[in-house]
Amino acid sequence: MTTSTDSELDLLSITLAEGRRKLLDGEITSQQLTQTFLDRIAATDDQVKAFVTVTAEAALEQAAEADNLLSQGDATAQLTGLPIGLKDVLMTSGVRTTAGSRMLDSLIPPYDATVVGRLRDAGAISLGKLNMDEFAMGSSTEHSAWFPTANPWDLERVPGGSSGGSAAAVAAQQCIATLGSDTGGSIRQPASFCGVVGLKPTYGRVSRYGLIAFASSLDQIGPFTHTVEDAALLLQAIAGPDPLDSTCYDEPVPDFSAQLDRGLDGLKVAAPQEFFGDGMDDDVASTIETALDLLAANGAIIDRTPSMPSVPMALPVYYILAPSECSANLARFDGVKYGYGARGGESMWADMEASRKHGFGREVKRRILLGAYALSAGYYDAYYLQAQKVRTLIRREFDRVFAQHDVIVAPTAPTVAFKQGEITDPYQMYLNDIYTIPANIAGLPAISVPGGFGADGMPVGLQFVGQRLGETTLLGIANAYEQLAQWPTVPPGNVGST
Ligand code: GLN
């Protein structure tokens with residue numbers, strides 16, 4: 001295997017913001033940058049397995065076009081020539097899109113997701129599609145129908161999930177940044193496990209058009225990056241109203257970078273007890289305490305008194321609502337309209353049954369069954385309706401805390417990345433999202449930033465939850481912490497060169 005030269009390594013550790021400056025200054029070209037990342041993918045992805053599809057040829061063509069614009073001084077689009085990657089749940093015109101499922105093994109979409117079109121308009125170059133748990137259901141990327149992805153910090157561990165490929169690709173320096181999706185934690189938990197930044201925007205901030213739906217009232221697309229500054233840049237490119245998604249806020253998009261220098265002075269930070277409860281590993285708890293001390297020592301006022309008694313209900317509420325919505329969303333995969341289709345059975349019904357039996361994996365089937373049960377006549381009131389009521393209570397508790405505080409701080413996940421194959425019990429897997437799900441239930445923006453290291457030198461994520469549409473403030477606070485802590489976002493050594 002080839003080892004990288006110093007200048008290649010410099011390019012690999014570039015951020016979007018630095019890349020933009022270097023491209024504009026003519027210090028580097030987009031073709032050089034894109035080739036460097038493609039070489040990196042070739043050298044490391046046998047081990048990391050972040051990519052389902054690499055679109056090298058298209059990427060190099062786009063890079064050549066970007067270089068033309070740059071040389072003519074026409075590169076006004078903010079991400080011109082910068083290579084990124086996309087979770088394989090986002091529709092990409094002409095490029096295979098599988099959502100990690102055999103059901104979509106051969107799907108070549110005829111259109112782009114809104115975010116994909118916006119990134120192209122912003123000049124970004126897609127290097128390909130990233131691995132994920134099937135239909136975004138999972139916390140380890142082990143539920144991908146194709147292969148598990150490895151954690152670049154320790155290849156025997158999981159990268160988290162469901163956007164494990166998107167997180168691993170940033171930590172392994174295969175892309176400068178990537179997009180993922182977060183229904184119950186699928187951006188923040190893998191960001192925590194892989195030691196990078198992951199942002200779930202406010203529900204409705206980013207269009208979901210062309211995002212293969214899991215649970216439509218919870219799903220949201222967001223960035224993985226090395227820095228909070230880059231998260232703001234990527235969000236800027238994808239956010240905003242979309243006539244193709246009626247759940248998108250019809251509000252002008254603010255400047256998400258406006259408060260990056262705000263600092264922490266006088267900031268009111270709530271640390272509600274329910275986010276620091278049982279089930280958190282000691283190494284995570286002590287790492288988070290150290291992070292809170294750093295915030296306090298730099299002007300933030302940490303208030304541990306708020307209590308949010310309904311928050312522990314968020315996980316059970318999620319496991320009623322998300323499966324219910326998924327059972328409806330995944331009903332379209334019947335083997336007739338598109339995707340995998342069994343043929344030659346006794347009847348149309350037999351073919352549909354066979355298509356769903358072979359097309360879906362175990363976890364997806366489990367969720368569909370759970371959801372169909374919760375929605376069935378006789379159980380609807382007891383489960384689905386009850387869960388909706390508790391959802392309202394949880395939202396109100398967040399509103400109460402935000403009436404007195406600027407931001408909520410919490411761990412992202414209760415543990416560091418676990419070993420591949422270690423968790424086989426689905427319920428134990430579900431507990432990974434105990435601290436991330438509340439923000440989805442309430443539709444609030446939340447970010448995971450590197451917060452230090454726990455057992456075996458594995459990364460620990462620190463989570464900030466912001467007010468509805470409060471991304472600018474949230475990013476400012478997260479950036480202030482990042483600047484103070486300066487944790488590395490890339491594992492020591494050079495993944496794939498040994
Ligand atoms: N791990 C959670 C689940 O399995 C969350 C998934 C997600 O956010 N897409 O449902």
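Atom set for the values below is all heavy atoms of this structure, side chains included, hydrogens, waters and symmetry mates excluded. Order of listing sets the numbers, starting from 1, for every ligand and every atom in it.
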**Report entry** Step-by-step side chain to side chain donor-acceptor pair (under 3.5 Å) determination, Ser166 to Lys87
**Finding:** CA-CA 6 Å; Ser166 301; Lys87 185 177 181 180; over 6 Å; no
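Salt bridge Asp88/Lys129: present, at least one basic N to carboxylate O contact under 4.0 Å. Salt-bridge formation is not detected for the pair Arg356/Asp334: no Lys NZ or Arg NE/NH1/NH2 atom is positioned less than 4.0 Å from an Asp or Glu carboxylate oxygen. Between Arg96 and Asp105 there is a salt bridge, with a side-chain nitrogen of the basic residue lying less than 4.0 Å from a carboxylate oxygen of the acidic one. Ionic pairing of Glu289 and Arg304 is present here: one or more N-O contacts between side-chain nitrogen and carboxylate oxygen are shorter than 4.0 angstrom.
Residue Tyr319 places a heavy atom less than 4.0 Å from ligand 1. Glu363 does not count as a contact of ligand 1, since none of its heavy atoms falls under 4.0 Å from the ligand. Under the 4.0 angstrom criterion for non-hydrogen atoms, Ala322 is not in contact with ligand 1.
Taking every heavy atom of both residues into account, Thr178 and Ala169 meet most closely at CG2-CB, 4.2 Å.
Looking at Ser162, Gly184, Gly138 and measuring to atom 8 (O) of ligand 1, the nearest heavy atom belongs to Gly184. The heavy atom nearest to atom 1 (N) of ligand 1, considering only Asp433, Asn432, Thr183, Thr436, is found in Asp433.
Backbone and side-chain nitrogen or oxygen atoms of Lys87 are examined, and none is located within less than 3.5 angstrom of a nitrogen or oxygen of ligand 1.
Close contacts between ligand 1 and Asp182 involve ligand atoms 8 (O) [criterion: under 4.0 Å to a heavy atom].
Checking side-chain atoms of Asn131 against main-chain N and O of Phe147 turns up a donor-acceptor pair under 3.5 Å.
The protein atom (non-hydrogen) at minimum distance from atom 6 (C) of ligand 1 is Ser186 OG, 2.8 Å. If you check which protein heavy atom lies closest to atom 10 (O) of ligand 1, you get Tyr318 OH, 2.6 Å.
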